[in-house]
Amino acid sequence: GHGPGWIAAARLEEVAGKLVNARQVIRDGCKACPANEDVWLEAARLQTPENAKAVLAEAVKKIPSSVKIWLQAASLESNITMRRRVL
């Protein structure tokens, strides 16, 4: 699997306004490149915050040593908590 190619394909769909397709493309990318943290981070970015949490939880299982993924999961967690306080 080639991570940057999957990310580029997903962004092409996103730019075209096809978010559902973009999410599907990057989901396939995660299956094809389970050890590529950038593909997982892109998958999380294309999701709603709640769904992104699930994506990152899966990513952590596949790449427990990825600092980028842990940091993204932590920042997402704090953002959701802060939003709940605000609402």
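Worth saying up front: this structure is predicted, and the values here are computed from it rather than measured.
Trp40 and Cys30 make their closest contact through CE3-SG, 3.6 Å (heavy atoms, listed as atom of the first residue, atom of the second, distance). Listed here is the closest heavy atom pair of Val25 and Ala10: CG1-N, 3.7 Å. Gly29 approaches Trp6 most closely through the heavy-atom pair CA-CD2, 3.3 Å. For the pair Arg23 and Leu46, the tightest heavy-atom approach, listed with the atom from each and the gap, is NE-O, 2.6 Å. Residue Asn36 comes nearest to Gly3 through the heavy atom pair ND2-CA, 3.5 Å, listed as atom of the first residue, atom of the second, then distance. Listed here is the closest heavy atom pair of Ala44 and Val55: N-CG1, 3.8 Å.
Glu58 has a carboxylate O that lies under 4.0 Å from a charged side-chain N of Arg27, or vice versa, which qualifies the two as a salt bridge.
Between Lys31 and Asp28 the shortest side-chain heavy-atom distance falls below 4.5 Å. Between Asp38 and Lys68, the closest side-chain pair of non-hydrogen atoms falls below 4.5 Å.
Distance check, rounded to the nearest 0.5 Å: CG of Asn21 to CG of Leu12 gives 11.0 Å. Atom CD1 in Ile69 sits 4.0 Å away from atom CD1 in Ile63 (nearest 0.5 Å). Rounding to the nearest 0.5 Å gives a distance of 10.0 Å between OG of Ser66 and CD of Gln72.
With hydrophobic clusters built from ILVMFWY side chains whose heavy atoms lie under 4.5 angstrom apart, Leu71 does not share a cluster with Val39.
More than 12 heavy atoms of other shown residues, nucleotides or ligands fall within 6.0 angstrom of atom NZ in Lys53.
Shown here are the salt bridge (charged side-chain N to carboxylate O under 4.0 Å, His left out) partners of Glu14, two or more places apart in sequence or in another chain: Arg45. Evaluation of the side chain to side chain contact (heavy atoms under 4.5 Å, CB included) rule for Ala73 yields Leu56 as partners, not counting sequence neighbours.
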